[in-house]
Amino acid sequence: MDGNSDIAIEITDEAGWSKVAHIHPLVYPPEDPVTSMWAGVQWADADYRFVLRRKGEAVSHVALHIRQGLANGGPVRIAGIGGVMTHPAAQNNGYAQKLLRAALDKAAELQADFCLLICEDRNVGFYEKQDWRLFPGPMIHQQHGRSLPWTLSKIMVRDHGRLAPRGGTIDLQGLPW
């Protein structure tokens, strides 16, 4: 079991991706049919990247996006969570949960109204245990200059500064994360 002295969390900007890019194909293999469908998606750059290092090595990551969007036609400040991944050799140590908590703390500091993430079916249970719930309505996002409904996977929301929408439509007013 890892001691807390072996673990450090670093908060960076978009440039922090270079510290964790090597983990991405291990967690989201390009040949996996679930993740391969996302290959052509244009993704938004993160505002913040949370990197957990164990004994100096980057092993886990969470991205935070802060976005002015719309929920049921009204303006909202959305905290988008994306890029959640932990190196397979470091999984099941609670690292992703630690980074999610750090990202949620930052989202509170930035006065987000609610949180939203895009989720593979296999990860729904993981997020439900952390107070996320499936969003039943459509989520609109931008792709190649067009507004489109997201259809590739599930959307999950979490209450934060106020209650997350229980239905209706969420419009990201930009690229997904």
Side-chain angles (χ1 to χ4, degrees), residues 9 11-17 20-21 24 27-28 33-51 60-85 96-177:
I9 295 175
I11 303 172
T12 71
D13 59 13
E14 180 58 28
W17 177 250
V20 296
H24 192 268
V27 176
Y28 301 106
V34 174
T35 57
S36 67
M37 68 181 170
W38 295 353
V41 175
Q42 289 180 307
W43 299 102
D45 289 339
D47 294 303
Y48 301 91
R49 292 196 178 274
F50 297 78
V51 178
S60 193
H61 169 268
V62 168
L64 176 65
H65 306 257
I66 300 297
R67 174 80 56 80
Q68 290 299 130
L70 299 172
N72 299 318
V76 290
R77 189 167 173 85
I78 304 169
I81 300 293
V84 179
M85 58 185 180
Q97 290 96 329
K98 286 180 190 303
L99 292 179
L100 283 166
R101 281 193 297 275
L104 293 174
D105 288 346
K106 186 67 173 176
E109 178 186 317
L110 298 169
Q111 301 179 338
D113 292 321
F114 67 92
C115 302
L116 181 145
L117 61 82
I118 294 168
C119 188
E120 295 174 281
D121 288 347
R122 63 184 173 198
N123 294 325
V124 168
F126 170 81
Y127 291 109
E128 285 178 332
K129 290 177 187 171
Q130 297 172 72
D131 298 324
W132 291 83
R133 68 179 176 283
L134 291 170
F135 179 69
M139 180 193 79
I140 307 300
H141 69 293
Q142 297 290 313
Q143 284 296 296
H144 308 286
R146 297 179 37 217
S147 292
L148 305 167
W150 182 263
T151 59
L152 298 178
S153 56
K154 297 196 174 9
I155 302 300
M156 297 188 81
V157 294
R158 187 179 195 280
D159 298 341
H160 204 59
R162 64 187 218 200
L163 293 178
R166 292 338 196 222
T169 301
I170 296 172
D171 188 338
L172 299 184
Q173 300 278 289
L175 297 174
W177 43 77

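FYI, side chains are in, hydrogens and waters are out, and symmetry mates aren't considered; it's all heavy atoms of this structure.
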Given side-chain contact (heavy atoms from CB on, under 4.5 Å), test F114 with I78 step by step and report yes or no. CA-CA 6 Å; F114 67 92; I78 304 169; 3.7 Å; yes
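- Residues L172 and W150 have side chains not in contact (no heavy-atom distance under 4.5 Å, counting atoms from C-beta outward).
- Taken from CG in D171 to CD in Q68, the straight-line distance is 12.5 Å, to the nearest 0.5 Å.
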After noting the C-alpha distance and the side-chain angles of R67 and L116, does the key distance pass the side-chain contact (heavy atoms from CB on, under 4.5 Å) rule? CA-CA 10 Å; R67 174 80 56 80; L116 181 145; over 6 Å; no
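- Residues R158 and L104 have side chains in contact (heavy-atom distance under 4.5 Å, counting atoms from C-beta outward).
- Contact between H160 and A112 at its shortest, heavy atoms only, is CD2-O, 3.8 Å.
- For the pair L70 and I170, the minimum side-chain heavy-atom distance is 4.5 Å or more.
- Considering CG of L117 and OG of S153, their distance stands at 9.5 Å, rounded to 0.5 Å.
- Listed by chain and number, the residues in a side-chain hydrogen bond (donor to acceptor under 3.5 Å, both in side chains) with Q143 amount to none (sequence neighbours excluded).
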Assess whether side-chain contact (heavy atoms from CB on, under 4.5 Å) is satisfied between S60 and M85, documenting all intermediate values. CA-CA 6 Å; S60 193; M85 58 185 180; over 6 Å; no
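- Pairs passing the salt bridge (charged side-chain N to carboxylate O under 4.0 Å, His left out) check and including a residue from residues 139-155, sequence neighbours excluded, read D121-K154.
- Within 6.0 Å of the CD atom in E14, the count of heavy atoms belonging to other residues, nucleotides or ligands exceeds 12.
- Classified by interplanar angle (parallel below 30°, tilted 30° to 60°, perpendicular above 60°), the ring pair Y28/W38 is tilted.
- Among all heavy-atom pairs drawn from P149 and I140, the shortest one is CA-CD1, 3.9 Å.
- G168 approaches P138 most closely through the heavy-atom pair O-CD, 3.2 Å.
- Taking R77 as the reference, nothing meets the salt bridge (Lys or Arg N to Asp or Glu O under 4.0 Å) condition, with sequence neighbours excluded.
- When L100, V20, I9, V51 are each tested for a side chain to side chain contact (heavy atoms under 4.5 Å, CB included) with V62, only one passes: L100.
- Taking every heavy atom of both residues into account, G16 and R49 meet most closely at C-CD, 3.9 Å.
- Here the side chains of Q142 and S147 are in contact, with some heavy-atom distance below 4.5 Å.
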Chi angles and distances behind the side-chain contact (heavy atoms from CB on, under 4.5 Å) call for K98, F50: CA-CA 10 Å; K98 286 180 190 303; F50 297 78; over 6 Å; no
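- Under the ring pair (Phe, Tyr, Trp, His ring centres under 6.0 Å) criterion, W177 pairs with H65, not counting sequence neighbours.
- Listed by first and then second residue, the side chain to side chain donor-acceptor pair (under 3.5 Å) pairs involving residues 125-139 are R133-D159 (not counting sequence neighbours).
- For the residue pair V157 and P165, the shortest heavy atom distance occurs at CG2-O, 3.9 Å.
- Taking every heavy atom of both residues into account, V41 and P176 meet most closely at CG1-CG, 3.9 Å.
- In this structure, K106 and D47 have side chains that are not in contact, with every pair of non-hydrogen atoms separated by 4.5 Å or more.
- Checked against ring pair (Phe, Tyr, Trp, His ring centres under 6.0 Å), F126 has no partners two or more places apart in sequence or in another chain.
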